[in-house]
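Written out below as structure tokens is the structure these notes cover.
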Amino acid sequence: MKFLSLILATTALSLSAAKRPNVLFIFTDDHAYQAVGAYDSWLKEHCPTPNIDSLARDGMLFEQCYVTNSICGPMRAAIQTGKYSHANGFLVNGNRFDGTQQTFPKLLRKAGYTTAVVGKWHLGEHMAPQGYDYSEVLVGQGPYYNPPMRKDADGDGKNDGVVKHVGYTTDIITDLALDWMRDKRDKEKPFMLMFQHKAPHRNWQPAPKYLNKYDDVTLPEPPTLFDDYSGRTLAAHQQDMTIAETMTRGDLKLSAPGNLTPEQKKLWDAAYDPKNEALAKAKLTGKELVRWKYQRYVKDYLRCIASVDDGIGRMLAYLKEAGLAENTIVIYCSDQGFYLGEHGWFDKRWMYEESLRTPMLVRWPGVVKPGSRNGDIVSPIDFAETFCEVAGIEVPGDMHGRSLVPVLQGKTPKNWRKSFYYHYYEYPGWHYVRRHYGVADGRYKLIHFYEKDVDQWELFDLKSDPGEMKSVYGKPGMTKVQKRLTKQLAMHRRELEVPEEDPPHSIVKRLPPRLRKPTAPN
Ligand code: CA
């Protein structure tokens, strides 16, 4: 009898394992939607991402995927937990992620999924990623070449040690993710793999094979490259993230990375030396120099993405050849958006569109209609609940997102969110973006830079001002909209239980060395 029930239990398990879809979560760092071929942007024709785009062709592209806090670590914590920063305790880069709390990988693992994370983790080195049968992650941000990686191969939640790899990091992460898929995972169980690249994070060091890609092209510039920040509050004037002033010699490849092997260094110098000599000869100044920096920056950025796209192509090919494509949900997403010269900037952090929105594409054969585009307000904070529903787990009541399953089925519920709360904390800190929170409804956006020495508001109408160049806060004719958004903002803060005072650990303890004193506008 005992034997029979064991057989029955095993059969039930394998049946449900066959039915429940696998989850392949492909995640990059700082990939702007403007640099995804499938999205509409002024760069569109210059950023071929055929493999990422295939997910739009075969699945759904999201036009309004908003992040909760536009910066790396905090968004990773939000995805793990399905909660806003104030609730998961990770508000700024430099916080330690409390790995003992509830996370979706733990729930999936408990429910019979085999789980792994490979690539960038960036939630602290104090403990191994929790909730995974396998993890192999970069130490900290990790370099673009020859990365040391922490490994937990037996899934006991403790680091086995650090392995030093030689090669290009994006390719190594792809190799390791494919290794796990091919040889290391428990094939009796459905899988959930977080395949997470470092690229295209600053400082945008391309692979040897792409060092000369785009050499013969002049990329178009965004219309706001020479923004003077008039029309906005103190915050936009005080930032330190301009292509003109903030970029370093390393960012601009005027000096080579210090950790290359002799072979890598040779290829690097062969590619950049002639280009840098040409720059020295040209003796550019003023706007012309900014234009040169923009070209160098965005070309390197796109070169890094070329390797990401190649890796995704290899992974999708594996799914097909292993017969897994039909029963695997493939998600492509980045931790936030990024500025590619808009407002003269690189980096992220702001509630303005380029950093609030992140690319998101989902392929789910038989469920998502191929080639569909979705305009609902969705967020990476919805993933935890989505994956719980997919895995047949009761969704915990304390998460802040909402399952995307009906949205993916093309049946967005009538009561789907009509507006969204955002909150950025990291000031003082890198790039000097003031703390702010706000609400966005797809057309209007209300932002409060709430620190006592600023206390200023901005309101934008994206229909008449898609570049967010001129705040209409307090302007005649905006009273009704402003009142409505102010009410929604208060509602979100109440429902999410956002504390009135920022938690003490939102203060960055270790300030960057080259912080310059911010200056007030003239
Ligand atoms: Ca990031």
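In each ligand, atom 1 is the first atom listed, and ligand 1 is the first ligand listed. Keep in mind that the numbers below use all heavy atoms, side chains included, and drop hydrogens, waters and symmetry copies.
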Next on the checklist: Could you check whether Lys293 makes a cation-pi contact with Tyr297, meaning its NZ or CZ is under 6.0 Å from the centre of the six-membered ring and within 45° of the ring axis?
Outcome noted: no
Next on the checklist: Taking backbone and side chain together, does Met75 place any N/O/S atom at a distance below 3.0 Å from the Ca ion (ligand 1)?
Outcome noted: no
Checklist entry - Where does the angle between the aromatic ring planes of Tyr437 and Trp457 fall among parallel (under 30°), tilted (30 to 60°) and perpendicular (over 60°)? => result perpendicular
Item to check | N/O/S from His201 sitting under 3.0 Å away from the Ca ion (ligand 1) | outcome: no
Item to check | Atom of Asp335 closest to the Ca ion (ligand 1), considering N, O or S atoms | outcome: OD2
Checklist entry - With the Ca ion (ligand 1) as the point of reference, which N/O/S atom of Asp30 is the closest? => result OD1
Item to check | Pairs meeting criterion salt bridge (charged side-chain N to carboxylate O under 4.0 Å, His left out) with involvement of residues 308-318, two or more places apart | outcome: Asp175-Arg314, Lys209-Asp310
Checklist entry - Only one of Leu252, Thr246, Asp251 clears side-chain contact (heavy atoms from CB on, under 4.5 Å) with Thr248; which? => result Asp251
Checklist outcome for this item: For Ser135 and Pro129 the tightest heavy-atom approach is OG-CD, 3.7 Å
Checklist entry - Can you tell me the N, O or S atom of Asp29 that's nearest the Ca ion (ligand 1)? => result OD1
